[in-house]
Amino acid sequence: MNVNVLTSLAEAEPAPYWLQDPARPEAEPALVGRDTCDLAVVGGGYTGLWAALRAKERDPSLDVVVLEADRIGAAASGRNGGFCAASLTHGLGNGMERWPEEMAELEHLGHENLKAIGSTLDRYGIDAEWELTGELNVATQEWQVAGLAEEAEAATALGRAPILLGAEELRKEVDSPTYLAGLWDRDGVAMVHPAKLAWGLAEACRALGVRIYENTPVTGLRSGSRLRLSTPYGAVVAGRVALGTGVFPPLLKRLRHFLVPVYDYALVSEPLSREQRAAIGWTRRQGIGDSANQFHYYRLTADDRILWGGYDAIYHFGNEIHAELERRPATFATLAEHFFTTFPQLEGLRFSHAWGGVIDTCSRFCAFFGTAHGGRLAYAAGYTGLGVGATRFGADVMLDRLGVGLAPGEETERTRLRMVRSKPVPFPPEPLRYGVIELTRREIARADRNGGRRGLWLRTLDRFGLGFDS
């Protein structure tokens, strides 16, 4: 590998850029003793914070407690790329494969959800560096160009109006010699500072009377006349529970069959100079993703750094989750090499941060939902890396299922959806789980090398509704 590429990583701090922000608030004290509430929310990421906030907005009299094992936004909610998308189905193609009869409604609900997030930030004065820039999906190989045209046609049929760009037009937006075509979704994606979004939601919750306990892992759940959540130094007794723990070992054993932890990695550069910005254009600051199966995502930060992530998606045997796995020099080097292939005019730029984080993946690539303990506990999980926006929708589904602010037995436009009522195909147990995922990963890489042609293994997965990409 080019020495200059490796040099670009020499001073990169192995920590999430977003969580190093000086605006990070001090941690709330851990729970000590016993607390009671109407609704206990387990997990202080986006799913849990939206559930707490939306519960208070639906019923201000509700007594709500949030229990977070670490710090607010410390996991996926504070480590992601900050792409807040309208899609609830991890993209139009994935949704059309699974729920074609519902896609018009799912697209409508997704865009209403995105608008509501922006309105929430305004209403509570949350400065999360929100920019409704849209997103460019770019083709960097010939086989990807036709796919963009097909996606544009499908989106147009659903009432969307994406702009299909040829190479010359695209390079006027963002200049990379690798670009062959692009599809610009102008109003379906916003850029956001992910950690500030989490911190702002937590502050809005507190302002409405929600009690938040940090460094308070829930170690057990017992069912009786009420639900009892055990913690290291106390317990919470609640009438209802909303579970938003993502991929971390769940309180419900049944979820272990549906979720696997996959590590995703990202780099952030030093701030670009005026000359470097001029060399690449990017004046409209769109989020960008390429069209490979092993894809990259990238965007500008508020201070004109470039966040560059994706490509590798690493699963470790036995659903392993450890802090050491967040540092993967081989992946950081690969990402840096791909960065300078995309933007050779930025040679000499250095990276200030390099990190990884674990995301909750399910076999259908978008969230699934359910209840337990006689309908007194609801859960949402499996966002597969596109949860910045969809978690608000997931929180509302949980609250619908728990009947918060609804008449007994009342359905909503969300709970009537087949997408909400159905479950993904479960993953097999180990060691078969690891073997299946590794084989799939290798076949995805081979498809990218072979003009997008999917081999027998991937075609078989497609047939069973398990059309994996990265």
Parallel, tilted or perpendicular, as decided by the 30° and 60° cut-offs, for the rings of Tyr297 and Phe295: tilted
All heavy atoms of Arg71 vs all of Glu26, minimum pair found to be NH2-C, 4.0 Å
Under 4.5 Å between any side-chain heavy atoms of Glu413 and Leu109, yes or no? yes
Between Phe258 and Phe368, does the ring centre distance come in under 6.0 Å? yes
Between Tyr315 and Asn319 (side chain of the first, backbone of the second, donor and acceptor by atom type, cut-off under 3.5 Å), is there such a pair? yes
Say you draw a straight line from CD1 of Ile288 to CD of Glu173; how long is it, rounded to the nearest 0.5 Å? 9.5 Å
Euclidean distance, Leu201 CG relative to Ile126 CD1, rounded to 0.5 Å: 5.0 Å
Write down the atom of Pro217, the atom of Pro232, and the distance for their closest heavy-atom approach. O-CD, 3.1 Å
How about Leu92 and Leu158: do any of their side-chain heavy atoms sit closer than 4.5 Å? yes
Polar side chain donor-acceptor pair, Tyr17 to Asp21, under 3.5 angstrom: no
So which heavy atom on Met419 is nearest to which on Leu88, and how close? CE-O, 3.4 Å
Donor-acceptor pair, distance only, cut-off 3.5 Å: does the side chain of Asn215 make one with the backbone of Ala30? no
Distance-only donor-acceptor check, side chains Thr89 and Asn94, under 3.5 Å: no
Quick one: does any side-chain atom of Thr361 pair with a main-chain N or O of Pro261 as donor and acceptor, under 3.5 Å? no
Answer yes or no: is there a donor N or O on one side and an acceptor on the other, between the side chain of Ser273 and the main chain of Gln276, under 3.5 Å? yes
Identify the two heavy atoms, one from Gly45 and one from Ser77, that lie closest to each other, and give their separation to 0.1 Å. CA-OG, 3.4 Å
Under a 4.5 Å cut-off applied to non-hydrogen side-chain atoms, are Tyr265 and Arg327 in contact? no
Shortest non-hydrogen separation from Asp175 to Gln345 and the atoms involved: O-NE2, 2.9 Å
Is the backbone N or O of Gln286 less than 3.5 Å from a side-chain atom of Trp282, with the two atoms forming a donor-acceptor pair by type? yes
Just by distance, do the side chain of Lys56 and the backbone of Cys205 share a donor-acceptor pair under 3.5 Å? no
With side-chain hydrogen bond (donor to acceptor under 3.5 Å, both in side chains) as the test, would you mind laying out the steps for His111 and Arg160 before giving the verdict? CA-CA 10 Å; His111 281 81; Arg160 309 306 305 161; 2.9 Å; yes
Is the backbone of Ser176 close enough, under 3.5 Å, to the side chain of Arg171 for a donor and an acceptor to pair up by distance? yes
Out of curiosity, Asn80 CG to Leu386 CG, how far, rounded to the nearest 0.5 Å? 9.5 Å
Step through the shown structure and confirm whether more than 12 heavy atoms of other residues, nucleotides or ligands are within 6.0 Å of CD on Glu320. yes
Can any side-chain N or O of His193 pair as donor or acceptor with the backbone N or O of Lys196 at less than 3.5 Å? yes
Determine the minimum heavy-atom distance between Arg79 and Pro16, stating which atoms define it. NH1-CG, 3.4 Å
Determine whether more than 12 heavy atoms belonging to other residues, nucleotides or ligands lie under 6.0 Å from atom CZ of Arg206. yes
Would you say Arg186 and Thr133 are linked by a side-chain donor-acceptor pair, where the criterion is simply a distance under 3.5 Å? no
Between Asp290 and Tyr298: side-chain donor-acceptor atoms closer than 3.5 Å: no
Working to the nearest 0.5 Å, report the span between CG of Leu132 and CE of Met191. 9.0 Å
Using a 4.5 Å cut-off on heavy atoms from C-beta on, say whether the side chain of Thr334 contacts that of His338. yes
Check against salt bridge (charged side-chain N to carboxylate O under 4.0 Å, His left out), Arg274 and Asp304: CA-CA 10 Å; Arg274 183 177 301 176; Asp304 282 344; over 6 Å; no
Go through Thr415 and Asp400 one step at a time and tell me if the side-chain hydrogen bond (donor to acceptor under 3.5 Å, both in side chains) criterion holds. CA-CA 7 Å; Thr415 57; Asp400 290 348; 5.2 Å; no
Please lay out, stage by stage, how Arg305 and Glu270 fare under the test salt bridge (charged side-chain N to carboxylate O under 4.0 Å, His left out). CA-CA 6 Å; Arg305 301 168 187 262; Glu270 63 189 359; over 6 Å; no
Under the salt bridge (charged side-chain N to carboxylate O under 4.0 Å, His left out) rule, what do Asp312 and Arg441 come out as? Steps first, then yes or no, please. CA-CA 9 Å; Asp312 273 346; Arg441 185 168 173 262; 3.5 Å; yes
Checking Tyr179 side chain against Thr342 main chain: does a donor-acceptor pair fall under 3.5 Å? no
Atom CD of Glu153 with >12 non-hydrogen neighbours under 6.0 angstrom: no
Under 6.0 Å between the ring centres of Phe351 and Phe339? yes
Taking only Lys NZ, Arg NE, NH1 and NH2, and the carboxylate oxygens of Asp or Glu, determine whether Lys172 and Glu169 approach each other closer than 4.0 Å. no
For the pair Val64 and Cys37, evaluate side chain to side chain contact (heavy atoms under 4.5 Å, CB included) and give the outcome as yes or no after the intermediate values. CA-CA 6 Å; Val64 180; Cys37 61; over 6 Å; no
Student check: side-chain heavy atoms of Glu68 and Ile212 closer than 4.5 Å: no
Pair Glu102 + Arg418: basic N to acidic O under 4.0 Å: no
Given side chains that start at C-beta, do those of Ile72 and Leu49 come closer than 4.5 Å, heavy atoms only? yes
Nearest 0.5 Å, please: how far is OG in Ser363 from NZ in Lys423? 12.0 Å
Would one find more than 12 heavy atoms of other residues, nucleotides or ligands at under 6.0 Å from atom CD of Glu97? no
Leu252/Leu243 under side chain to side chain contact (heavy atoms under 4.5 Å, CB included): CA gap, chis, key distance, verdict: CA-CA 9 Å; Leu252 294 176; Leu243 186 61; 4.2 Å; yes
With side chain to side chain contact (heavy atoms under 4.5 Å, CB included) as the criterion, how do Val210 and Val65 come out once you've worked through the C-alpha distance, each side chain's angles and the decisive distance to 0.1 Å? CA-CA 6 Å; Val210 175; Val65 164; over 6 Å; no
Report the C-alpha separation of Arg58 and Asp396 in whole Å, then their side-chain angles, then the decisive distance to 0.1 Å, and conclude whether the salt bridge (charged side-chain N to carboxylate O under 4.0 Å, His left out) test is met. CA-CA 10 Å; Arg58 290 186 182 201; Asp396 268 327; 3.0 Å; yes
Is the shortest heavy-atom distance from the side chain of Leu402 to the side chain of Leu39 under 4.5 Å? yes
Results of side chain to side chain donor-acceptor pair (under 3.5 Å) for Ser291 - residues two or more places apart only: Asn137
Would you find a donor on one side and an acceptor on the other, under 3.5 Å apart, between the side chain of Thr216 and the backbone of Leu31? yes
Just so I know, are the side chains of Phe340 and Asn2 near enough to count as touching, which here means a heavy-atom distance under 4.5 Å? no
Could you grab the distance from atom OG1 of Thr384 to atom CG of Asp264, nearest 0.5 Å is fine? 11.5 Å
